[in-house]
S.K.: 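Encoded as C-alpha cells, here's the structure I'll be asking about.
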Amino acid sequence: MTHAIGEAPGKVLLIGEHAVVYGHPAIAIPVRGVQARVEVELTRHGGMELLAPDLQGPEAKGDHADAIAPLLRLANSVLELFGEGSQGVRLVIQSTIPIGHGMGSGAAVSVAIVKGICAALGRTLTPDQVSELALEAEREFHGNPSGVDSAVVARNEPIYFVRGKPPQTIAVGSETFRFLIADTGIPSPTYKVVNDVKALRDREPARVDSYLWELGSMASVMREIIRGGSAQELGVCMNHSHGILRELGVSSSDLDRLVEAAVEKGGLGAKMTGAGRGGAMIALLGSATDEERLSAELRLAGAQEIYSTTLGGG
Ligand code: MEV
C-alpha cells in the first residue's frame with residue numbers, strides 16, 4: 001500500500017470575476033491560511049473509495065453522491081494518464097475552505113486530489129497539467145468555469161490569467177499588500193450567478209460587454225500596480241471594480257455593507273470577490289490600518305469569518 005498527501009490553498013480574485021468567463025484577464029491570489037488536503041492510499045485490491053464528510057455544498061447541483069462522482073472520475077483520469085487504471089485508490093478529503101464562498105474550494109479539492117495521486121504514484125506533473133486535469137471536475141460542478149480557480153491553486157502564486165492561455169505568475173514589486181477577506185457566511189452557487197450574468201448579457205449585450213471590458217482593462221492596470229505601484233493605487237481600482245460588479249447585479253446588500261465598512265474604517269479599497277451574491281469580500285489595508293480594529297469593524301458589519309493574506313514582502 002502506498003500513502004501520500006496532496007494539498008492546495010484557497011484563492012481570491014483581486015479583479016476579473018465574471019469578465020474572465022468571457023475571455024478578459026483576471027488576477028487571482030492564493031489564500032494559504034485555508035486549504036484542501038487529500039490523503040491518498042493506493043491499494044492492490046482495486047476499487048475506489050472516497051471519504052469527504054464535509055463536501056456537501058452549493059457547488060454541487062445535487063446531493064452528496066453528485067458532489068463526489070466528478071471527484072472519483074477525476075481520480076480515475078489521473079490513474080489512467082499514468083497507465084495505472086487498474087490500481088485501487090482510497091481518498092480522504094478534508095478542507096478548511098468554505099464551500100461556495102468564492103474562495104476556490106472546488107478547485108482546491110480537485111487540485112489536491114491530482115497532486116496526491118501523483119505523489120502516491122511517484123510521478124510529477126507541471127502546475128498547468130495539474131490545473132487542466134482539475135478543470136475536468138470543475139466543469140462538472142459549474143458548467144462553464146474559466147479555469148482561473150484551478151490555475152491559481154495549482155500554482156500557489158499570484159497569477160494574471162486569460163482563459164485558454166498559460167497563466168502568468170506576477171512578480172510583486174517593493175510594496176507589501178495586506179488584505180483581509182471577510183466572509184458573509186452566505187453560500188452562493190457559482191453556476192447560478194454565472195448563468196444570471198449570461199442571461200443579462202443576452203438581454204443587454206452592449207451595456208454588459210462594456211462593463212466586462214472595463215474589468216479586463218483594470219486587470220492589466222492592476223498587474224502593473226502589483227509589479228511596481230502603490231497600495232493606494234490598487235485600492236482605487238478595487239473600489240471601482242466593486243461598483244462595476246454591483247452594476248452587473250452580482251453583489252448583495254451583505255457584501256455591500258462589508259465593502260462600505262472596510263472603506264470607511266481604514267481600508268484603502270474593497271470589493272466583493274468570486275461569483276458574488278454571497279460569499280466573501282476582500283479589503284486592502286493601508287500601512288497605518290490596524291488589522292485587528294478593522295477585523296472587529298467587519299464583524300460588526302456582519303462578517304462571519306475573517307482571513308488575512310499578503311502579496312509581496314519577501
Ligand atoms: C471565479 O472564481 C468566479 C467566476 O469568474 C467564474 C469563473 O471564472 O469560472 C464568476
Side-chain angles (χ1 to χ4, degrees), residues 8-31 34 36 57-61 70 95 97-111 131-132 134-156 158-165 167 179 181 183-184 186-201 208-209 211-216 218-219 222 238 241-242 244-252 255 271-282 307 309:
K11 72 95 207 355
V12 282
L13 291 189
L14 269 192
I15 180 79
E17 43 276 276
H18 294 290
V20 68
V21 172
Y22 297 92
H24 299 285
I27 295 176
I29 62 174
V31 180
V34 285
E59 290 299 331
K61 292 178 193 150
S95 176
I97 309 170
I99 300 174
H101 291 219
M103 293 180 66
S105 129
V109 166
S110 300
V111 164
S131 70
E132 264 309 306
L135 197 52
E136 277 183 30
E138 286 272 285
R139 284 197 186 98
E140 293 195 55
F141 285 129
H142 66 90
N144 185 23
S146 63
V148 66
D149 290 12
S150 44
V152 66
V153 303
R155 288 206 168 208
N156 202 354
I159 57 164
Y160 177 86
F161 178 89
V162 177
R163 187 173 191 161
K165 298 199 178 149
F179 300 98
I181 298 150
D183 186 353
T184 60
I186 301 164
S188 169
T190 300
Y191 70 89
K192 212 167 170 299
V193 192
V194 168
N195 282 347
D196 287 352
V197 171
K198 182 181 178 307
L200 182 66
R201 185 170 180 258
V208 171
D209 276 340
Y211 289 142
L212 301 177
W213 270 103
E214 200 171 345
L215 291 171
M218 277 171 54
M222 285 168 79
M238 288 171 67
S241 74
H242 184 72
I244 298 175
L245 291 162
R246 283 186 62 168
E247 292 295 330
L248 285 173
V250 297
S251 190
S252 69
L255 286 165
K271 62 178 278 288
M272 54 155 275
T273 184
R277 297 265 174 76
M281 55 73 75
I282 177 165
Y307 310 91
T309 195

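Every number for a ligand or one of its atoms is a count from 1 in the order of the listing. All heavy atoms count here, side chains included; hydrogens, waters and symmetry mates do not. Predicted model, so just to flag it, every value in this text is computed and none were measured.
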S.K.: Can you name the atoms of ligand 1, numbered from 1 with element, that are less than 4.0 Å from a heavy atom of V148?
M.R.: 8 (O)
S.K.: Tell me which one of L13, L14, L255, I29 satisfies side-chain contact (heavy atoms from CB on, under 4.5 Å) with T273.
M.R.: L13
S.K.: How long is the straight-line distance from CD of E17 back to OG of S146, given to the nearest 0.5 Å?
M.R.: 10.0 Å
S.K.: May I ask you to check whether H18 has an N/O atom sitting below 3.5 Å from an N/O atom of ligand 1?
M.R.: yes
S.K.: Which residue and non-hydrogen atom of the protein lie closest to atom 6 (C) of ligand 1, and at what distance in Å?
M.R.: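 Protein heavy atom at minimum distance: V21 CG2, 3.8 Å.
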S.K.: Among K11, R163, R139, R155, whose salt bridge (charged side-chain N to carboxylate O under 4.0 Å, His left out) with D149 holds?
M.R.: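 Looking at K11, R163, R139, R155, the match for D149 under the salt bridge (charged side-chain N to carboxylate O under 4.0 Å, His left out) is K11.
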S.K.: Pick, from G104, G106, S146, G16, the option with the minimum heavy-atom distance to atom 9 (O) of ligand 1.
M.R.: S146
S.K.: Let me confirm one number: the CG-OH distance from D209 to Y22, rounded to the nearest 0.5 Å.
M.R.: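 Those atoms lie 8.5 Å apart.
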S.K.: Should S188 and V193 be marked as a side-chain contact (heavy atoms from CB on, under 4.5 Å) after you check the CA-CA gap, both sets of side-chain angles, and the distance that decides it?
M.R.: CA-CA 8 Å; S188 169; V193 192; 3.5 Å; yes
S.K.: Rounded to the nearest 0.5 Å, how far does CG of L245 lie from CD1 of I15?
M.R.: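 Between I15 CD1 and L245 CG, I get 7.0 Å after rounding to 0.5 Å.
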S.K.: Could you tell me which atoms of ligand 1, counted from 1 in the order shown, lie closer than 4.0 angstrom to a heavy atom of L13?
M.R.: 1 (C), 2 (O)
S.K.: Enter the distance from T190:OG1 to N195:CG here, rounded to the nearest 0.5 Å.
M.R.: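 Output value for this atom pair is 10.5 Å.
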S.K.: Just which atoms of ligand 1 are under 4.0 Å from any heavy atom in V20?
M.R.: 5 (O), 8 (O)
S.K.: Distance to 0.1 Å, residue and atom name: give those for the protein heavy atom nearest to atom 1 (C) of ligand 1.
M.R.: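 Residue, atom and distance for the closest contact: D149 OD1, 3.3 Å.
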S.K.: Just jot down the ligand 1 atoms closer than 4.0 angstrom to any heavy atom of P145, in number order.
M.R.: 9 (O)
S.K.: At less than 4.0 angstrom from any non-hydrogen atom of E17, what atoms of ligand 1 do you find?
M.R.: 5 (O)
S.K.: Under 4.0 Å, heavy atoms only, figure out whether ligand 1 is touched by the backbone of V193, its side chain, both or neither.
M.R.: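 Neither; nothing of V193 gets under 4.0 Å from ligand 1.
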S.K.: What distance separates E214 CD from S241 OG, expressed to the nearest 0.5 Å?
M.R.: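 Between E214 CD and S241 OG, I get 10.0 Å after rounding to 0.5 Å.
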S.K.: So if I count the atoms of ligand 1 from 1 in the order they appear, which ones are less than 4.0 Å from some heavy atom of K11?
M.R.: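 In order of number, 2 (O).
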